[in-house]
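A short worksheet on the structure shown next.
All values reported here derive from a predicted model rather than from experimental measurement. Below, each value reflects all heavy atoms present in this structure, side chains not excepted, and no hydrogens, waters or symmetry copies.
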Amino acid sequence: TMARITAGCSRVWGAAPRPLLHIRSASVAEPGTRRSDDEQLWEASSFLPFSRARIGSFFQETPVLKNPFLEDALLRGYLRRHLPQGAVLSDLCAFGERVAIEVDKWGRECEVNPPRLVHFDPWGRRVDHIVTSPAWKRMKDLSAQEGLVAIGYERSFGEWSRVYQMSKLYIFSPSAGLYTCPLAMTDGAAKVIQSIGVSWPVDEAFSRLTTRQSERFWTSGQWMTERQGGSDVATGTETVAVSQTDGSYKLHGFKWFTSATDADMTLTLARVQDRTGATTPGSRGLSLFYAEVSRDEDGRLKGIEVQRLKDKLGTRQVPTAELLLDGLPAHRISEEGRGVPCIANMLTITRIHNSISAAAAMRRVVQLARDYATRRTAFGKLLRDHPLHMQTLARMEVETHGAFLLSMDVCRLLGQEESGVATQLDTHLLRLLTPVVKLYTGKQAVAVVSEGLESFGGQGYIEDTGLPGLLRDAQVLSIWEGTTNVLSLDVLRCVARTSGMVLHAYFTHVKSLLAGVSSVSTLAPAVKAVDGALSQLQMFVQEAATREPGYLDLAARDLAYSLARIYAGALLIDHACWKEASASDTYAALRWCEQDLCPVVTKQARGCYDPSTPPLDSALVYDQPAQD
């Protein structure tokens with residue numbers, strides 16, 4: 001089957017020549033240029049290879065990005081097991097070839113030609129045009145044509161449609177020039193609209209967000225963050241909505257951080273003013289609004305002024321702006337005061353997209369590093385022949401395995417929920433694992449990509465190789481849509497609001513995964529490690545419930561890490577037991593389970609959550625020199 005799929009890829013893309021190098025399409029000179037007879041005669045007579053313009057004959061062979069689908073044994077194995085549809089595999093293979101040959105160059109163009117803001121036209125009129133590169137516009141057309149949002153809503157493959165969609169985004173993400181950011185928010189907006197009902201005034205918007213027709217396709221912004229806060233929208237939102245006689249609203253406020261500001265529409269939170277101009281404080285005063293981004297006949301944005309673009313560490317390809325909303329026409333699409341519950345579906349989607357991007361970044365740096373190891377010679381042999389180097393890459397691969405299976409399992413659960421086949425256990429698992437997987441993979445990505453840059457030596461630090469951008473862009477993954485601590489506390493809220501049912505679902509499912517593999521002797525050490533860690537975690541949860549308020553808050557981060565590591569261990573074991581699993585699948589499961597799978601219990605034994613700890617932490621952080 002795979003041979004036929006590979007042949008299909010060749011038929012589709014075989015006519016296109018493959019460039020020498022694809023690391024975000026950094027360009028290199030063509031090797032093998034012939035020198036003139038005069039140059040050769042001069043060199044023969046002088047024996048001075050480094051004289052004047054002559055810089056020596058050695059040039060390091062560069063790493064090559066090959067088809068990311070064909071190069072990913074784990075992705076292909078996972079899909080053969082769960083979604084062995086020829087149409088899916090052929091599409092992903094052809095798309096992988098297109099990414100390597102064509103799209104990766106666009107992504108590099110997006111990075112070297114970042115967006116810029118033009119406030120005024122040549123005659124002094126305020127226009128606020130965000131100018132993006134041609135490649136950024138091509139990414140939008142590609143996203144529509146390839147169904148990168150649409151697949152999740154067409155549901156041609158039932159409960160596995162989300163896995164298909166996210167597999168395609170996983171292949172696309174590292175080469176996308178961060179176009180995955182507007183796609184995440186577009187998907188999130190479509191999900192919100194679908195959940196509240198596709199009717200006026202958002203029916204046309206939903207059609208455009210989920211179409212495959214590039215000329216109709218819209219992207220959506222997500223304008224939530226204001227000056228007072230990011231995740232704390234309940235107290236940080238000052239934007240007000242003024243009711244109009246036709247039932248619409250006009251929004252007035254200042255949005256501090258709006259990603260993909262060149263979007264066609266947005267969802268945003270605001271407080272409805274009553275007749276006296278008063279608003280309700282807290283989350284109960286927030287409603288959700290839909291607004292289109294449009295211009296009047298003079299070319300001015302309606303009700304929006306773009307104050308400036310953000311100067312960011314990474315994700316420079318994405319226009320992110322501060323916006324003044326000065327009478328932006330909008331429609332309220334939630335019940336009044338129910339804006340925050342309404343965006344819960346959006347957060348689920350965007351956090352899953354974040355997890356996929358994290359796993360994809362790890363996969364890309366490993367793919368490039370292992371290719372480079374076959375080309376780079378140091379100390380007399382190729383890097384791949386240095387055992388310590390291979391050990392390092394293998395450890396990166398183990399982390400990538402865990403991140404991939406964690407992310408795909410959340411996609412599986414989302415697809416089951418959307419298709420109406422999810423059990424209550426599945427629903428509880430989705431609610432618990434969405435923040436857990438997002439926070440854990442975000443931290444993994446930064447560590448693995450940083451390690452990956454080391455494998456290229458000094459070249460990993462040189463901007464025009466395209467490699468440093470991988471690390472700069474990875475850093476946002478632990479910040480956007482909730483930092484590690486914010487999401488760790490979200491896990492605790494999730495446990496409290498369900499009276500612990502999400503944890504019951506977690507323990508039940510992990511035990512069921514282990515029960516199916518107890519007879520596989522080669523995996524016995526891994527099964528023992530996960531089973532032991534799970535028992536420790538259960539005891540910790542029972543004991544923590546009896547402790548003083550604030551005890552679990554201190555343990556929240558380590559608890560989330562424990563949930564992630566144990567669950568990933570169970571998934572790796574389960575994947576290593578299917579009939580077509582490889583020896584490498586078994587090895588990855590064994591290596592993953594050698595780490596501390598339950599750090600919350602380890603830290604508890606050291607007294608890290610005792611009441612005496614917080615003042616000691618503060619004293620250490622704010623330690624002052626002794627006064628003379």
Anything under 30° is parallel, anything over 60° is perpendicular, the rest tilted; go ahead and classify F456 against Y372.
tilted
CZ (R81) with more than 12 external heavy atoms under 6.0 Å:
yes
Are the side chain of S355 and the backbone N or O of S407 linked by a donor-acceptor pair below 3.5 Å?
no
Side chain of K137, backbone of T132: donor and acceptor closer than 3.5 Å?
yes
Under 3.5 Å donor-acceptor, R316 side chain and E111 backbone:
no
Those residues at least two apart in sequence (or on a different chain) that pass ring pair (Phe, Tyr, Trp, His ring centres under 6.0 Å) with Y170 are F404
Atom of S156, atom of S161 and distance for their closest heavy-atom approach:
N-OG, 3.5 Å
Got V365 and M396 here, is their nearest side-chain heavy-atom distance under 4.5 Å?
yes
Is there a donor in the side chain of T348 and an acceptor in the side chain of K191, or the other way round, less than 3.5 Å apart?
no
List the atom of T441, the atom of A358, and the distance in Å for their closest heavy-atom pair.
O-CB, 3.5 Å
Pair R376-S455, side-chain donor/acceptor within less than 3.5 Å:
no
How far apart are the C-alpha atoms of F95 and F69, what are their side-chain angles, what is the distance that settles it, and do they pass the ring-ring contact (aromatic ring centres under 6.0 Å, His included) test?
CA-CA 8 Å; F95 184 59; F69 175 74; over 10 Å; no
Hits for side-chain contact (heavy atoms from CB on, under 4.5 Å) against S214, two or more places apart or cross-chain, chain-then-number order -> D141, A144, Q145
Pairs touching residues 137-160 that satisfy ring pair (Phe, Tyr, Trp, His ring centres under 6.0 Å), sequence neighbours left out
H82-W160, Y153-F206, F157-Y164
Applying salt bridge (Lys or Arg N to Asp or Glu O under 4.0 Å), can you list everything that pairs with E322, at least two apart in sequence or on another chain?
R308, K310
Hey, are D72 and Q367 close enough side-chain-wise for a donor-acceptor pair under 3.5 Å?
no
Nearest 0.5 Å, please: how far is CG in L117 from CG in D128?
6.0 Å
Would R363 and E397 satisfy salt bridge (charged side-chain N to carboxylate O under 4.0 Å, His left out), going step by step from the backbone distance to the final call?
CA-CA 8 Å; R363 168 56 63 213; E397 183 63 55; 2.7 Å; yes
D296 side chain to R300 main-chain N or O, any donor-acceptor pair under 3.5 Å?
yes
CG of L430 to SG of C411: how many Å apart, nearest 0.5 Å?
10.0 Å
On a heavy-atom basis, the closest approach of M224 and T237 is O-OG1, 4.4 Å
Can you check whether A321's main-chain N or O pairs, donor with acceptor, with T258's side chain at less than 3.5 Å?
yes
Under 3.5 Å: donor-acceptor pair, side chain of E305, backbone of D326:
no
How far apart are the closest heavy atoms of A260 and V318, and which atoms are they?
N-CG1, 3.5 Å
Does the Q60 side chain pair with the main chain of R375, one donor and one acceptor, at a distance under 3.5 Å?
yes
Which atom pair, heavy atoms only, marks the closest approach of V192 to S195?
O-OG, 2.7 Å
State whether F254 and R227 meet the cation-pi test: NZ (Lys) or CZ (Arg) under 6.0 Å from the six-membered ring centroid, and within 45° of the perpendicular axis.
yes
Does D264 use its side chain to pair, donor to acceptor, with the backbone of T219 at less than 3.5 Å?
yes
Measure from the side-chain N and O atoms of K438 to the backbone N and O of L477, and report whether any donor-acceptor pair falls under 3.5 Å.
yes
Ring pair (Phe, Tyr, Trp, His ring centres under 6.0 Å) partners for W136, two or more places apart
Y179
Ignoring hydrogens, what is the shortest heavy-atom contact between E159 and S419? Give both atom names and the distance.
CA-OG, 3.2 Å
Quiz item: cation-pi between R126 and F120, 6.0 Å / 45°:
yes
Does a donor on one side chain sit under 3.5 Å from an acceptor on the other, for T465 and Q459?
no
Salt bridge (Lys or Arg N to Asp or Glu O under 4.0 Å) partners for R162, two or more places apart:
D187, E418
Quick one: do D298 and R125 make a salt bridge, cutoff under 4.0 Å?
no
Using side-chain heavy atoms (C-beta onward) and a distance below 4.5 Å, is T320 in contact with F257?
yes
SB check R138 E102 (cutoff 4.0 Å)
no
Given side chains that start at C-beta, do those of Q317 and D473 come closer than 4.5 Å, heavy atoms only?
yes
With rounding to the nearest 0.5 Å, note down the distance linking CD in Q222 to OG1 in T266.
8.0 Å
Would you find a donor on one side and an acceptor on the other, under 3.5 Å apart, between the side chain of S167 and the backbone of V163?
yes
Passes salt bridge (charged side-chain N to carboxylate O under 4.0 Å, His left out), E292 versus R208? Steps please.
CA-CA 12 Å; E292 294 178 15; R208 287 179 175 274; over 6 Å; no
